[in-house]
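Below, chains carry the letters A, B, ... as their sequence lines are ordered, and counting in each starts from 1.
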Amino acid sequence: MLSLDFYTRSVDDVVRALIGVTLTVDGVGGIIVETEAYDAADPASHSFAGRTARNAAMFGPVGHAYVYRIYGLHHCLNIVCGTPGSAVLIRAIEPRHGIDSMLERRGIARPLRELCAGPGRLCEALGIDMALDGASLDRPPFLLEDIGIMPDVVTGPRIGITKAADRPRRFGLRGSPWLSRPFLGSN
DNA sequence: GACCGGATGTACT
DNA sequence: GTACATCCGGTCG
């Protein structure tokens, strides 16, 4: 399990360090292959305008989850870390554990590679919803484990945002077939 | 109290 | 590539 120290590091460190870490919810999940960084100084971040009821978890203790509903349909999972208002959005994982449960929750016949490829998809597959907003990642149902791999990490611009699409704050496992979208170029 | 729009995903043309 | 589902916090009045 990851130590508390892990989450106290800056969001720019954690967003990269989470690639290759195993994330499970009640034993269902896999290896994180895609992340994005957000912080309070970032116009694209929910925390940019300050603390509100919705984003309270982003200003709470590090190592906890910030879960929100998007477009009235899907959920997205963030890991709070670094300075207040900072968090890492988990965008994709490589399915490893409880694939039957994930398929059942997703309930649609599609290529396996789309099972957890996207923030909304992985939340559906792992059963993550608002009930887990503010929950500690240090205890059940969550489990985060560093399985000791040294991943080859790629960076690029974030996805689906309209503001500040400039800085490379999206990170991924190079060449992974489980990404929500490929990384362009070869950085 | 009304209105806006989003860190998305799926189905269909 | 485009349409559309469907919610709620934030903002302005």
Item to check | Among dA5(C), dA7(B), dT8(B), the one nearest H74(A) by side-chain distance | outcome: dT8(B)

Item to check | Identified pairing partner of dA7(B), criterion: Watson-Crick or G-U wobble below 3.5 Å | outcome: none

Checklist entry - Hey, are S180(A) and E34(A) close enough side-chain-wise for a donor-acceptor pair under 3.5 Å? => result yes

Next on the checklist: Can you identify which nucleotide, out of dG6(B), dG9(B), dA5(C), has its nearest atom closest to the I70(A) side chain?
Outcome noted: dG6(B)

Next on the checklist: Under 4.0 Å, counting only non-hydrogen atoms across every strand here, what does N55(A) touch: a base, just sugar-phosphate, or nothing?
Outcome noted: nothing

Checklist entry - Using a cut-off of 4.0 Å on non-hydrogen atoms, how would the nucleic acid contact of R181(A) be classed: base, sugar-phosphate, or nothing? => result nothing

Checklist entry - Salt bridge or not for D39(A) and R169(A), using N-O below 4.0 Å? => result yes

Next on the checklist: Ring centres under 6.0 Å, that's the criterion: do H46(A) and Y68(A) meet it?
Outcome noted: yes

Checklist entry - The side chain of I159(A) lies closest to which of these nucleotides: dT8(B), dG9(C), dA7(B)? => result dT8(B)

Checklist outcome for this item: Closest of dA5(C), dG9(B), dC7(C) to the R121(A) side chain is dG9(B)

Checklist entry - Which listed nucleotide (dT10(B), dC7(C), dT8(B)) is nearest to the side chain of R69(A)? => result dC7(C)

Checklist entry - Choosing from dA5(C), dA7(B), dT10(B), which nucleotide comes nearest the side chain of N78(A)? => result dA7(B)

Item to check | Aromatic-base stack, Y71(A) on dG9(B), cutoff 5.5 Å, angle under 30 | outcome: no

